[in-house]
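One structure below.
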Amino acid sequence: MYLEGNVIRILDAFEHEPLPNLEYVTAIGHGIPSSLLDKLREVAKQFFALPAEEKRKYSRAVNEVDGYGPDRVVSEKKILDWSSRLSLKVFPEDQRRLNFWPENPSDFKDILHEYVVKLKGVMDILFKAMEKSLNLVEGSFSSQFGDNSLIKARFNFYPPCSRPDMVLGLEAHSDRSGTTVLLQDDEVGGLQIFKDDKWINVPVIPHALVVNLGDQMQIMSNGIFKSPLHRVLTNTDKLRISVAIFNTPKPDKEIEPLGQLIDEKRPRLYINVKNFAAFNNECFQKGKVALEEAKI
Ligand code: OGA
Ligand code: NI
């Protein structure tokens with residue numbers, strides 16, 4: 001069975017068309033060994049369990065991507081998310097800032113490297129499946145990302161919270177990326193996607209990956225693929241860990257809705273955008289939503 005609910009078997013994705021137009025898919029059959037996924041979660045947990053002063057060695061500086069820390073304080077009124085994060089650029093390899101990659105546990109670096117190399121292969125297959133499902137020439141999406149697109153890893157740590165009714169683990173947002181692939185905690189749920197005016201729970205499937213498309217894919221696909229609003233709830237007694245991998249077009253690369261996806265029935269919805277992260281920040285400062293501002 002290729003598709004059951006939101007579950008997609010990745011390695012079969014070529015055989016079937018069209019790719020389901022869902023808010024997210026949970027991918028199984030992705031070919032990454034379960035043992036590697038377990039190890040990645042394990043080293044993440046070990047890092048998070050280190051004493052605060054040890055983790056502080058990896059603190060993220062203001063306006064930097066790489067490093068460990070809590071939520072960025074963007075306004076005094078905002079309630080902070082109940083989580084900490086470790087963000088690391090993983091590709092292109094020459095942009096890695098290895099001094100932010102934990103030394104402890106000692107196998108952290110190797111396991112992250114092994115995971116992202118494999119995941120990059122999965123992301124390539126995904127691109128091809130998405131292109132095929134819309135009858136596009138192979139490379140239509142991936143060429144907009146540029147050679148050596150930017151790939152970033154974000155480890156999310158959601159500690160137990162005594163008042164889950166008061167605070168979110170991660171507030172509602174859509175990802176700015178092109179594509180995001182998320183390894184969820186193997187026991188603790190909490191991720192929700194906004195669909196048909198309600199929040200729905202994304203089920204925990206221990207060795208599956210959650211594929212969640214970002215704003216830039218919505219632009220490139222001329223609105224066909226959606227970048228859904230999602231959030232994370234907290235819970236009272238368990239730590240939750242997730243590892244998000246964001247694949248983003250190079251900042252100097254202009255992205256645009258693909259010509260093949262524009263016609264009379266589906267007129268062009270978005271303008272060309274370069275450096276979406278910067279554009280997003282500008283919009284955010286003005287209290288605007290980037291995807292709305294990019295509309296024609
Ligand atoms: C994110 C995100 C969800 C999760 O990092 O952008 O949406 O389950 N994470 O941690
Ligand atoms: Ni997200």
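Hydrophobic clustering of Ile, Leu, Val, Met, Phe, Trp and Tyr side chains at less than 4.5 Å, counting indirect connections, keeps Val202 apart from Trp199. At a threshold of 4.5 Å between side-chain heavy atoms, the hydrophobic network of Ile, Leu, Val, Met, Phe, Trp and Tyr places Val181 and Leu213 in one connected group. Linking Ile, Leu, Val, Met, Phe, Trp and Tyr residues whenever their side-chain heavy atoms come within less than 4.5 Å leaves Ile28 and Val204 in two separate clusters. Leu150 and Ile255 are members of different hydrophobic clusters when ILVMFWY side chains are connected at heavy-atom separations under 4.5 Å. Ile271 and Leu258 fall within a single hydrophobic cluster, where Ile, Leu, Val, Met, Phe, Trp and Tyr are joined by side-chain heavy atoms under 4.5 Å apart, directly or via other members.
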- Decide ring pair (Phe, Tyr, Trp, His ring centres under 6.0 Å) for Phe127 and Phe145; before the verdict, give the C-alpha distance in whole Å, the side-chain angles of both, and the deciding distance to 0.1 Å. CA-CA 11 Å; Phe127 275 136; Phe145 280 65; 4.7 Å; yes
- Step by step, work out the side chain to side chain contact (heavy atoms under 4.5 Å, CB included) result for Leu269 and Lys295. CA-CA 6 Å; Leu269 290 179; Lys295 271 195 185 142; 5.6 Å; no
- Item | Trace of the side chain to side chain contact (heavy atoms under 4.5 Å, CB included) decision for Leu37 with His30 | CA-CA 12 Å; Leu37 303 180; His30 45 65; 3.9 Å; yes
- Where do Tyr158 and Leu239 land on the side chain to side chain contact (heavy atoms under 4.5 Å, CB included) test, with the steps shown first? CA-CA 6 Å; Tyr158 304 96; Leu239 169 69; 5.5 Å; no
- Determine, stepwise, if the pair Ile193 / Asn201 fulfils side chain to side chain contact (heavy atoms under 4.5 Å, CB included). CA-CA 7 Å; Ile193 300 247; Asn201 295 322; over 6 Å; no
- Give the C-alpha distance, both sets of side-chain angles, the deciding distance and a yes or no for salt bridge (Lys or Arg N to Asp or Glu O under 4.0 Å) between Glu293 and Lys286. CA-CA 11 Å; Glu293 294 304 292; Lys286 293 187 231 149; 5.7 Å; no
- Does the pair Ser174 and Asp215 meet the rule for a side-chain hydrogen bond (donor to acceptor under 3.5 Å, both in side chains), with working shown? CA-CA 7 Å; Ser174 64; Asp215 294 347; 2.8 Å; yes
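In this structure, the side chains of Glu254 and Asn275 stay at 4.5 Å or more apart for every pair of heavy atoms. Taking 4.5 Å as the limit, some side-chain heavy atom of Ile32 sits within range of a side-chain heavy atom of Tyr115. With contacts defined as side-chain heavy-atom distances shorter than 4.5 Å, the pair Ser83/Asn156 does not qualify. Side-chain contact check for Gln144 versus Pro249: every heavy-atom pair is 4.5 Å or farther apart. Residues His230 and Glu23 fail the side-chain proximity criterion, which asks for heavy atoms closer than 4.5 Å. The side-chain heavy atoms of Val65 and Leu88, taken from C-beta on, include no pair separated by under 4.5 Å. Thr248 has its side chain out of reach of Ile151: every pair of non-hydrogen atoms, C-beta onward, lies at least 4.5 Å apart. With a 4.5 Å cut-off on side-chain heavy atoms, Asn148 and Phe91 do not count as touching.
Without hydrogens or angle criteria, Glu54 side chain to Ala49 main chain gives no donor-acceptor distance under 3.5 Å. Side-chain atoms of Thr234 come within 3.5 Å of backbone N or O of Val167 as a donor-acceptor pair. A side-chain donor-acceptor contact under 3.5 Å links Ser221 to the backbone of Met217. Side-chain atoms of Asn104 never come within 3.5 Å of backbone atoms of Ser106 as a donor-acceptor pair (strictly under, hydrogens ignored). With hydrogens and angles ignored, the 3.5 Å screen pairs a side-chain donor or acceptor of Gln218 with a backbone N or O of Ser227. With hydrogens and angles disregarded, a donor-acceptor distance shorter than 3.5 Å links the side chain of Asn222 to the backbone of Pro267. Side-chain atoms of Glu256 do not come within 3.5 Å of backbone N or O of Met220 as any donor-acceptor pair. Between the side chain of Arg240 and the backbone N or O of Val188 there is at least one donor-acceptor pair closer than 3.5 Å. Here the side chain of Arg268 pairs a donor or acceptor atom with the backbone of Tyr270 at under 3.5 angstrom. Looking only at distances, a side-chain donor or acceptor of Asp263 sits under 3.5 Å from a matching main-chain atom of Lys265.
Salt bridge annotation for Glu292-Lys288: absent, with no cationic side-chain nitrogen under 4.0 angstrom from a carboxylate oxygen. Note on Lys89 versus Asp66: salt bridge recorded, some NZ/NE/NH1/NH2 to OD/OE distance being below 4.0 Å. Salt bridge Arg163/Asp165: present, at least one basic N to carboxylate O contact under 4.0 Å. A salt bridge between Arg41 and Asp38 is present, with a side-chain N of the basic residue lying under 4.0 Å from a carboxylate O of the acidic one. Note on Glu103 versus Lys109: salt bridge recorded, some NZ/NE/NH1/NH2 to OD/OE distance being below 4.0 Å.
Among all heavy-atom pairs drawn from Ile245 and Ala153, the shortest one is CD1-CB, 3.7 Å.
Between atom CG of residue Leu119 and atom CG of residue Leu183 there is a gap of 9.5 Å, rounded to the nearest 0.5 Å. Here Tyr68 contributes atom OH and Lys57 contributes atom NZ; the two are 14.0 Å apart, rounded to the nearest 0.5 Å. The line from CG of Leu170 to OG of Ser242 is 8.0 Å long, rounded to the nearest 0.5 Å. In this structure, the separation between CD on Gln216 and OG on Ser177 is 7.5 Å, given to the nearest 0.5 Å. Separation of atoms CG (Asn280) and CD (Gln285) is listed at 10.0 Å; rounding is to 0.5 Å. Once rounded to the nearest 0.5 Å, the distance linking CD1 of Ile224 with CG of Leu134 reads 5.0 Å.
Open room surrounds CG on Asp147; 12 or fewer heavy atoms of other groups in view lie less than 6.0 Å from it.
Under a cutoff of 6.0 Å and an axis angle of 45°, Arg96 and Trp101 do not form a cation-pi pair. Annotation: cation-pi geometry not satisfied between Lys274 and Phe279 (NZ/CZ under 6.0 angstrom from ring centroid, within 45° of ring axis).
Taking the six-membered ring where the residue is Trp, Phe155 and Phe157 present parallel rings, their angle staying beneath 30° rather than reaching 60°. Using the six-membered ring where Trp is involved, Phe47 and Tyr58 have ring planes that are perpendicular, over 60° apart on the 30 and 60° scheme.
A side-chain N or O of Ser149 and one of Asn247 form a donor-acceptor pair less than 3.5 Å apart. Residues Asn212 and Thr180 have side chains that never bring a donor and an acceptor to within less than 3.5 angstrom of each other. No side-chain N or O of Asp186 forms a donor-acceptor pair with one of His207 less than 3.5 Å apart.
Across Lys45, Lys39, Gln46, a single residue satisfies side-chain hydrogen bond (donor to acceptor under 3.5 Å, both in side chains) together with Glu42, and that is Gln46.
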